[in-house]
K.L.:
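This is the structure I want to talk about, given as structure tokens.
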Amino acid sequence: MTPDELADRLDRAAVRIGPAVQRAVRHTGELGRARIRGNASGRPGPNVITGAYRNSWETNTRRLPYGAMCTIGTNAPQGRRLEFGFVGPDSLGRVYNQPPFPHVGPAIGYIGATLTMEMRYAVAEVLR
């Protein structure tokens, strides 16, 4: 491959890398949300009573120049207590000794490995 051919290939890849990364980040976010929801479906995570907490998990993917950012989270008020536990009185004076039921922490390694794999696929896609 000549330097000019390499330059042309890299120019084409530069145009395509942003959308490829965005797709990869969005896909990773959805897989991460599914893993968290699965972990929040019984022990060692929290037990499911109505499914409202599990269904409260959402992803928000935003475009960035040449990339993307994804946030996975919940607005459910019990989220932090379920993940980290809670010991002591709450704002109403009720006393708790609730153990943690981790469901986000155990998903972090999977999400990181999935994102690494997806980024490799994105780079391979744009360099074809």
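What's counted below: heavy atoms across the whole structure, side chains too, no hydrogens, waters or symmetry copies. This chain uses plain numbering: 1 for the first residue, then up along the sequence.
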K.L.:
Using every non-hydrogen atom in the two residues, find where Thr2 and Glu5 come nearest and quote the distance to one decimal.
P.N.:
N-OE1, 2.9 Å

K.L.:
What is the distance from atom CD of Glu125 to atom CD1 of Ile17, rounded to the nearest 0.5 Å?
P.N.:
8.0 Å

K.L.:
With a 4.5 Å heavy-atom cut-off, do Tyr96 and Asp90 have their side chains touching?
P.N.:
yes

K.L.:
Out of curiosity, does Met1 fall in the hydrophobic cluster containing Leu127 (side-chain heavy atoms, cut-off under 4.5 Å, transitive links)?
P.N.:
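Yes, one cluster joins them.
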
K.L.:
Suppose we screen for side-chain hydrogen bond (donor to acceptor under 3.5 Å, both in side chains). Which residues come up paired with Arg63, at least two apart in sequence or across chains?
P.N.:
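Partners of Arg63 under the side-chain hydrogen bond (donor to acceptor under 3.5 Å, both in side chains) test: Gln22.
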
K.L.:
Determine whether Val104 and Trp57 satisfy the following criterion, side chain to side chain contact (heavy atoms under 4.5 Å, CB included), listing intermediate values before the conclusion.
P.N.:
CA-CA 11 Å; Val104 178; Trp57 284 90; 3.4 Å; yes

K.L.:
Supply the atom-to-atom distance Thr59 OG1 to Ile72 CD1, rounded to the nearest 0.5 angstrom.
P.N.:
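With rounding to 0.5 Å, OG1 (Thr59) is 7.0 Å from CD1 (Ile72).
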
K.L.:
According to a 4.5 Å side-chain heavy-atom criterion applied to Ile, Leu, Val, Met, Phe, Trp and Tyr, with indirect links allowed, do Val15 and Leu10 form part of one hydrophobic cluster?
P.N.:
no

K.L.:
Would Met69 and Asn60 satisfy side chain to side chain contact (heavy atoms under 4.5 Å, CB included), going step by step from the backbone distance to the final call?
P.N.:
CA-CA 8 Å; Met69 178 177 86; Asn60 181 10; over 6 Å; no

K.L.:
Can we say Glu30 and Arg33 salt-bridge, meaning some charged N sits less than 4.0 Å from an Asp/Glu carboxylate O?
P.N.:
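Judged by the 4.0 Å cut-off on N to carboxylate O distance, Glu30 and Arg33 do form a salt bridge.
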
K.L.:
Quick one: do Arg80 and Phe86 satisfy side chain to side chain contact (heavy atoms under 4.5 Å, CB included)? Show the steps, please.
P.N.:
CA-CA 9 Å; Arg80 293 184 67 78; Phe86 184 76; over 6 Å; no

K.L.:
Report the distance from atom OH of Tyr110 to atom CG of Leu115, rounding to the nearest 0.5 Å.
P.N.:
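Going from OH on Tyr110 over to CG on Leu115, the span is 11.5 Å.
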
K.L.:
Give the intermediate values and the outcome of side chain to side chain contact (heavy atoms under 4.5 Å, CB included) for residues Arg23 and Glu118.
P.N.:
CA-CA 9 Å; Arg23 284 190 301 276; Glu118 290 287 338; over 6 Å; no

K.L.:
Is it true that atom CD1 of Ile49 has more than 12 heavy atoms of other residues, nucleotides or ligands lying nearer than 6.0 Å?
P.N.:
no

K.L.:
To the nearest 0.5 Å, tell me how far Arg16 CZ sits from Asp11 CG.
P.N.:
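Nearest 0.5 Å value for the CZ-CG distance: 12.5 Å.
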
K.L.:
Counting C-beta onward and ignoring hydrogens, is there a side-chain heavy-atom pair between Val25 and Met119 closer than 4.5 Å?
P.N.:
yes

K.L.:
Do you know which two heavy atoms are closest between Ala40 and Val48, and how far apart they sit?
P.N.:
O-CG2, 3.5 Å

K.L.:
Over all heavy atoms of both residues, which pair between Pro100 and Glu83 is shortest? Give the atoms and the distance, please.
P.N.:
CB-O, 3.5 Å

K.L.:
To the nearest 0.5 Å, what is the distance between CD1 on Ile36 and CD1 on Ile111?
P.N.:
4.5 Å

K.L.:
Measure across Gly29 and Cys70 and return the closest heavy-atom pair with its distance rounded to 0.1 Å.
P.N.:
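For Gly29 versus Cys70, the nearest heavy atoms are CA-SG, 3.7 Å.
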
K.L.:
Nearest heavy-atom pair of Gly42 and Asn47: which atoms, and what distance?
P.N.:
CA-OD1, 3.9 Å

K.L.:
Hey, mind stepping through His103 and Tyr53 against ring-ring contact (aromatic ring centres under 6.0 Å, His included) and telling me if it holds?
P.N.:
CA-CA 12 Å; His103 48 289; Tyr53 174 69; 5.5 Å; yes

K.L.:
Indicate the atoms forming the closest heavy-atom contact of Pro46 with Leu82, along with that distance.
P.N.:
CB-CD2, 3.8 Å

K.L.:
CZ/Arg37 to CZ/Arg35 distance, rounded to the nearest 0.5 angstrom?
P.N.:
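Arg37 CZ to Arg35 CZ: 14.5 Å, rounded to 0.5 Å.
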
